[in-house]
Amino acid sequence: MIHARGLVQTFQTGKGKEKKEVHAVNGVDLDVEEGEVVGFLGPNGAGKTTTLRMLTTLLKPTAGTATVAGYDVATQPEKVRRSIGYCSQVGSTFSGAYAGDEVADHGMLYGMSKKDAVAKGQELFERLDLGGMWRRMPKNMSGGQKRRLDIAMALIHSPGLVFLDEPTTGLDPQARINLWQHIGDLRQKQGSTVFLTTHYLDEADALADRIIIIDKGDIVASDTADNLKAAVAGDLVSLEVAGAEQAAIARDKLASISGQVEVEGLMVRGRVTRAGTAVPGLLRDLESSGVSLESIEVARPTLDDVFLELTGRSLRDAEAATEDPAAVELDHEGAHR
Ligand SMILES: Nc1ncnc2c1ncn2[C@@H]1O[C@H](COP(=O)(O)OP(=O)(O)OP(=O)(O)O)[C@@H](O)[C@H]1O
Ligand SMILES: [Mg+2]
């Protein structure tokens, strides 16, 4: 569905001596198969939106190539746009019309009959908890309602491939979960392919078949959440023992299945790949060596642990540390929605 090779986006900012290049995306390769839900994860400024804008033909790549839904983004942008749905990070600009009419008109723009567009629009309003909002102007809707309206716009023509840029930012917890269900349905009931960006780790975890992590314009990982966690971090096994002697034995035993083991008083900790299968043997081993445990805890790694190991920074720190993106406000895009 999406195949990109060496996608690059370099922005020129400032003038004269202030002139500077921003390397937003540094050569990204992507392959997304039909029916996949892919979570594109990275801190602020990592290059998520820029990549998405190149794939949706809103921004011309500085270098590299991409086909989306079988069409080339550079030479067949119209065909690409016809085949996809897109919900931008900032949302749509609406005219002064009723919300329902905006959505139905959008469907007709894609060649739907008025009857079909209205029926599909009403179904989407129901599903996105916008029931009763058809004859409301978007400017009189709350932020979260407008966000859901953006999503209805992206889905009205039942696209086989949907790009969602941070779809749940600004939604309350209930609306987020509701939208997750809706995105899950898109794939299950409609067979749609979904490419969504997020910096919510739980969202990527809950929704995506596969997670692609981007940092500073480079892809640093691409795999299922489970594999990423197992390969990079491993589960954290914490053993609490009754005495110092037992701690030494427990350390040796844990070291046989863990790369690095730490002892802190009576606590012995180590990361273990797929602890679910390794821990029962460890427990038997400890028991036969006379170690009695006060407690044991197995914590699954989080995607934040994965990010930390890959980049040396926590996703949250990385977000805090990025330069102010608003400082470089410049547009050299040649396209439109
Ligand atoms: N039009 C532009 N002109 C100059 N620099 C830009 C432009 N658009 C984006 N950038 C820069 O490119 C980098 C990547 O931005 P991008 O919007 O792709 O990040 P993002 O991963 O979507 O971040 P966020 O999570 O904040 O949405 C940032 O450093 C940003 O400041
Ligand atoms: Mg963005």
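In each ligand, atom 1 is the first atom listed, and ligand 1 is the first ligand listed.
At a threshold of 2.8 Å, the Mg ion (ligand 2) has a backbone or side-chain N, O or S atom of Thr49 nearer than that distance. One of the N, O or S atoms belonging to Gln89 lies under 2.8 Å away from the Mg ion (ligand 2).
At a heavy-atom distance under 4.0 Å, no atom of Gln9 approaches ligand 1. With a 4.0 Å heavy-atom cut-off, ligand 1 is reached by the side chain of Thr13 but not by its N, CA, C or O.
Salt bridge Lys229/Asp223: absent, no basic N to carboxylate O contact under 4.0 Å.
Between Gly45 and ligand 1, an N or O atom pair is found at a separation short of 3.5 Å. By the 3.5 Å distance cut-off applied to N or O atoms, Ala46 is counted among the residues near ligand 1. Considering both main-chain and side-chain atoms, Thr51 never comes within under 3.5 Å of ligand 1 through any nitrogen or oxygen pair.
At least one heavy atom of Pro43 sits under 4.0 Å from some atom of ligand 1. Assignment of Gly42 to the shell around ligand 1 is not supported, since no heavy atom sits closer than 4.0 Å.
Counting the atoms of ligand 1 from 1 in the order shown, those under 4.0 Å from a heavy atom of Lys48 are 18 (O), 19 (O), 20 (P), 21 (O), 22 (O), 23 (O), 24 (P), 25 (O).
Looking only at distances, a side-chain donor or acceptor of Glu36 sits under 3.5 Å from a matching main-chain atom of Glu33.
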